[in-house]
Amino acid sequence: FENPVDTSMFTDYHKFVDTPMDLETVERKIGSDAYATPEDFEYDILTIFRNCDKYNTAKKYFHMVTLSKHTAKVFRKMFAQRLRPAERSVSITKKAPV
């Protein structure tokens, strides 16, 4: 998850995964302000988990799929909990008289 998949070791990776994503790429995109919305960031993070599911299901590494699904669920919950208060804060700020 941390770095791009080494396709010299996992030569069939692109057979299963169309859109590679990893945390190094996410970090680079954060640093370059490439995310227009929080949902764009969420999409990339969830792509990491979807890719893990696709590749490891095909390889029958079900323990990895189980771990990925659990971690994605935890991420979604944490993301929603943190996003809701931020959205409320923005909507309150927008409603405040100027």
Side-chain angles (χ1 to χ4, degrees):
F1 290 4
E2 187 176 354
N3 303 105
V5 170
D6 183 350
T7 56
S8 67
M9 288 184 63
F10 302 97
T11 55
D12 61 347
Y13 186 72
H14 290 291
K15 180 178 172 183
F16 302 99
V17 174
D18 297 325
T19 309
M21 186 53 60
D22 59 273
L23 293 173
E24 181 180 302
T25 301
V26 169
E27 184 176 31
R28 186 174 62 249
K29 289 174 82 172
I30 290 169
S32 66
D33 291 326
Y35 292 116
T37 68
E39 290 78 15
D40 293 340
F41 166 77
E42 178 187 31
Y43 181 84
D44 277 355
I45 295 295
L46 293 176
T47 297
I48 295 170
F49 297 122
R50 282 190 296 273
N51 290 347
C52 179
D53 293 351
K54 285 180 192 176
Y55 186 76
N56 289 296
T57 296
K59 296 295 188 172
K60 299 187 180 1
Y61 298 143
F62 298 117
H63 63 288
M64 290 297 294
V65 173
T66 300
L67 180 62
S68 173
K69 288 185 183 304
H70 172 74
T71 308
K73 182 179 177 180
V74 170
F75 170 78
R76 279 190 211 99
K77 183 178 179 181
M78 289 175 64
F79 186 79
Q81 288 173 343
R82 297 212 175 13
L83 187 59
R84 272 190 233 116
E87 286 176 340
R88 275 195 296 263
S89 172
V90 168
S91 69
I92 290 169
T93 303
K94 286 182 181 179
K95 292 178 186 177
V98 180

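- In terms of hydrophobic clustering, with Ile, Leu, Val, Met, Phe, Trp and Tyr side chains grouped at heavy-atom distances under 4.5 Å, Y13 and I48 are assigned to different clusters.
- With sequence neighbours excluded, the residues forming a side-chain contact (heavy atoms from CB on, under 4.5 Å) with Y43 are T47, R50, listed by chain and number.
- Side-chain heavy-atom separations under 4.5 angstrom define the hydrophobic clusters, and the remaining members of the one that includes Y61 are M64.
- A search for side-chain contact (heavy atoms from CB on, under 4.5 Å) contacts involving E42 returns E39, L46, F75, F79, not counting sequence neighbours.
- Applying the salt bridge (Lys or Arg N to Asp or Glu O under 4.0 Å) test to residues at least two apart or on different chains, the pairs with a partner in residues 56-72 are D12-K59, D53-K69.
- Two residues are said to be in side-chain contact when any heavy atoms from C-beta on lie closer than 4.5 Å; H70 and V74 meet this criterion.
- The line from CZ of F49 to CG of N51 is 11.0 Å long, rounded to the nearest 0.5 Å.
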Donor-acceptor pairs under 3.5 Å, side chain of residues 4-11 to any protein atom, not counting sequence neighbours: which ones?
{"from": "D6", "atom 1": "OD1", "to": "S8", "atom 2": "N", "distance (Å)": "3.0"}
{"from": "D6", "atom 1": "OD1", "to": "S8", "atom 2": "OG", "distance (Å)": "2.5"}
{"from": "D6", "atom 1": "OD2", "to": "S8", "atom 2": "OG", "distance (Å)": "3.4"}

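- Checked against side-chain contact (heavy atoms from CB on, under 4.5 Å), S32 has the following partners two or more places apart in sequence or in another chain: A34.
- A distance of 6.0 Å separates OG1 of T57 from CZ of F62, quoted to the nearest 0.5 Å.
- Every side chain to side chain donor-acceptor pair (under 3.5 Å) that K29 has, sequence neighbours left out, goes to D44.
- Formation of a donor-acceptor pair under 3.5 Å by the D40 side chain with backbone atoms of T37 is found in this model.
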Give every donor-acceptor pair under 3.5 Å between a side-chain atom in residues 16-25 and any protein atom, sequence neighbours left out.
{"from": "D22", "atom 1": "OD1", "to": "T25", "atom 2": "OG1", "distance (Å)": "2.8"}
{"from": "D22", "atom 1": "OD2", "to": "E24", "atom 2": "N", "distance (Å)": "3.0"}
{"from": "D22", "atom 1": "OD2", "to": "T25", "atom 2": "N", "distance (Å)": "2.9"}
{"from": "D22", "atom 1": "OD2", "to": "T25", "atom 2": "OG1", "distance (Å)": "3.3"}
{"from": "E24", "atom 1": "OE1", "to": "N3", "atom 2": "ND2", "distance (Å)": "2.7"}

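- In this structure Y35 satisfies the ring pair (Phe, Tyr, Trp, His ring centres under 6.0 Å) test together with F41, sequence neighbours excluded.
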